Amino acid sequence: MAGVTREDKVLGLLLGTALGDALGASFEGRHAVTARTVDAVERADGTLVHTDDTALTMVLAEHLAARDHAGLDEDVLAGEFAAAWQKEPWRGYGPGAAQVFELIGRGMPWQRAAVSLFGGAGSYGNGGAMRVAPVAAVGTGPHHVAELGRRTASITHAHEDGQHGAEVQALAAYLALERESAPRVLDIDQFRHDLTRVVRCRAWHEKLDRVSELVRTGADPRHAAHSLGNDVTALGSVPMAVMSFVSNPDDPVAAIRYAIGGGGDTDTIGAMAGALAGARNGASTLPEHLVARLEVGDHAREVAGKLATAGHRGG
Ligand code: F2R
Ligand code: MG
Ligand code: MG
């Protein structure tokens, strides 16, 4: 967006994640969520406590910011993810991710740990996608961003669907972050076209086509969630996050509320939608009274400053 600095957009990506996660956390697993119940959480005082989504997003953001020219190192990152889980296992981690982190903590290589899940199939949960957005700040282009997204996901998600989810969310975050001169109204078809050029998998193309159609018909959150899914799998949640964003491209809180309104995995769909809308619009568009209640505020500011200048060099 014209006039918004890159640092503000990167900070928006991080704070948008935290806001969507923390607002959605109260409702995770509910069938559907009314606007009135979200209002009550927004109006309350006190800390907005985030979950695993933000905790791991911050670990990845710190990793990329600290390594600058050196880029992504999966072995190091695996240890950093496992350490975050060990420090705060109560943040609501997925059982598969927790198992991988425990095995890594005991010294097993992440490749073996990830592939040991679900009888050797690996996880297709949305944990790779929920934490991936920071790669958008360091990728050199769409294909590079998708590759970085897949590599970060593969540490815990050996199943290709878990990795495709991270690719789609990473690329969506990149497009939201990089299109500084984007028109006020997002071109949904172009956005879907860009995504499908990089992620070549029919199941994902079909879901993204459905997003386009639902946006065109102005679907409400419950209808969209019914059609796209709202569960803990990557294919059953990333499309709803993209839908929440493209239906509300210029208003991060509206995008988050739409995501939560569909029910299901509300913290994660809220976090992913918040990352996209925060990246497009910048942190300065997020309501101050909500940002002030987030646990990660100051830390996110520090990391965003470094991440914004580490951009376009990561390997
Ligand atoms: N775990 C949760 N929420 C549960 C309740 C939390 C509660 N509020 C609390 O505080 O305790 N949320 C977090 O988990 C999701 C991310 O999950 P991730 O990291 O992908 O983990 P996992 O376990 O690998 O996958 C999630 C589930 O998907 C199903 N699944 C995945 N692959 C499968 C396969 N190959 N076969 C069968 N099922 C598979 C399983 O049910 C997994 O447990 C986010 O929502 C995050 O917020
Ligand atoms: Mg969570
Ligand atoms: Mg969740």
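The chain is numbered in sequence order, starting from 1. Please read these numbers as outputs of a predicted model, since none were measured by experiment. Start at 1 and go down the list; that is how both ligands and their atoms are numbered. Values reported hereafter were calculated over all heavy atoms of this structure, with side chains retained and with hydrogens, waters and symmetry mates removed.
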Of the listed options [options], closest to [atom] (non-hydrogen atoms):
| atom | options | answer |
| --- | --- | --- |
| atom 19 (O) of ligand 1 | A114, G162, G127 | G127 |
| atom 25 (O) of ligand 1 | S123, G236, G94 | S123 |
| atom 47 (O) of ligand 1 | T51, D267, T54, D21 | D267 |

**OP:** Verify the contact flag for atom 41 (O) of ligand 1, where contact means a protein heavy atom under 4.0 Å away.
**Re:** no
Polar contacts were defined as any N/O atom of the residue lying under 3.5 Å from an N/O atom of the ligand; does this apply to [X] and ligand 1?
| X | result |
| --- | --- |
| F118 | no |
| L117 | no |
| H159 | no |
| T268 | yes |

Heavy-atom contacts under 4.0 Å between [X] and ligand 1: side chain, backbone, both, or neither?
| X | value |
| --- | --- |
| T233 | neither |
| R91 | neither |
| D52 | side chain |
| Y124 | both |
| Y93 | backbone |

Between [X] and [Y], is any side-chain donor less than 3.5 angstrom from a side-chain acceptor?
| X | Y | value |
| --- | --- | --- |
| H164 | E167 | yes |
| W85 | D52 | no |
| N126 | D265 | yes |
| Q163 | H157 | no |
| T54 | T57 | no |

Nearest to [atom], what protein heavy atom do you find, and at what distance?
| atom | answer |
| --- | --- |
| atom 23 (O) of ligand 1 | G96 N, 2.7 Å |
| atom 27 (C) of ligand 1 | V232 CG2, 3.6 Å |
| atom 3 (N) of ligand 1 | E28 OE2, 3.1 Å |
| atom 20 (O) of ligand 1 | H157 NE2, 2.7 Å |
| atom 43 (O) of ligand 1 | P95 CG, 3.3 Å |
| atom 16 (C) of ligand 1 | N126 OD1, 3.1 Å |
| atom 11 (O) of ligand 1 | G92 CA, 4.2 Å |

**OP:** Give the total of protein N/O/S atoms at a distance below 2.8 Å from the Mg ion (ligand 2).
**Re:** 4
**OP:** Test the R131-F81 pair against the cation-pi criterion, namely NZ or CZ under 6.0 angstrom from the six-membered ring centroid and within 45° of the ring axis.
**Re:** yes
Original post:
For ligand 1, is there an atom lying under 4.0 Å from some heavy atom of G122?
Top reply: yes
Subject >> Contact check, Q99 vs ligand 1, heavy-atom distance below 4.0 Å >> reply: no
Is [X] salt-bridged to [Y], going by a charged N under 4.0 Å from an acidic O?
| X | Y | answer |
| --- | --- | --- |
| R91 | E88 | yes |
| E62 | K306 | no |
| R210 | E206 | no |
| R301 | D298 | yes |
| R280 | E178 | no |

Between [X] (side chain) and [Y] (backbone), is there a donor-acceptor pair under 3.5 Å?
| X | Y | result |
| --- | --- | --- |
| K9 | G278 | no |
| T196 | R192 | yes |
| N281 | A277 | yes |

**OP:** Compare every heavy atom of I155 with every heavy atom of E74, then report the nearest pair and how far apart it is.
**Re:** O-CD1, 3.7 Å
Original post:
Looking at G24 and T266, what are the two nearest heavy atoms and their distance?
Top reply: O-OG1, 2.7 Å
Subject >> Qualifying ring pair (Phe, Tyr, Trp, His ring centres under 6.0 Å) pairs with a residue from residues 103-138, counting only residues at least two apart or across chains >> reply: Y124-H159
Subject >> Proximal atoms of ligand 1 relative to D265 (non-hydrogen, under 4.0 Å) >> reply: 44 (C), 45 (O)
Subject >> Ligand-side contact atoms (ligand 1) for residue partner D53, heavy atom cut-off under 4.0 Å >> reply: 46 (C), 47 (O)
Original post:
Are M58 and L276 connected in a single hydrophobic cluster, I mean Ile/Leu/Val/Met/Phe/Trp/Tyr linked by side-chain heavy atoms less than 4.5 Å apart?
Top reply: no
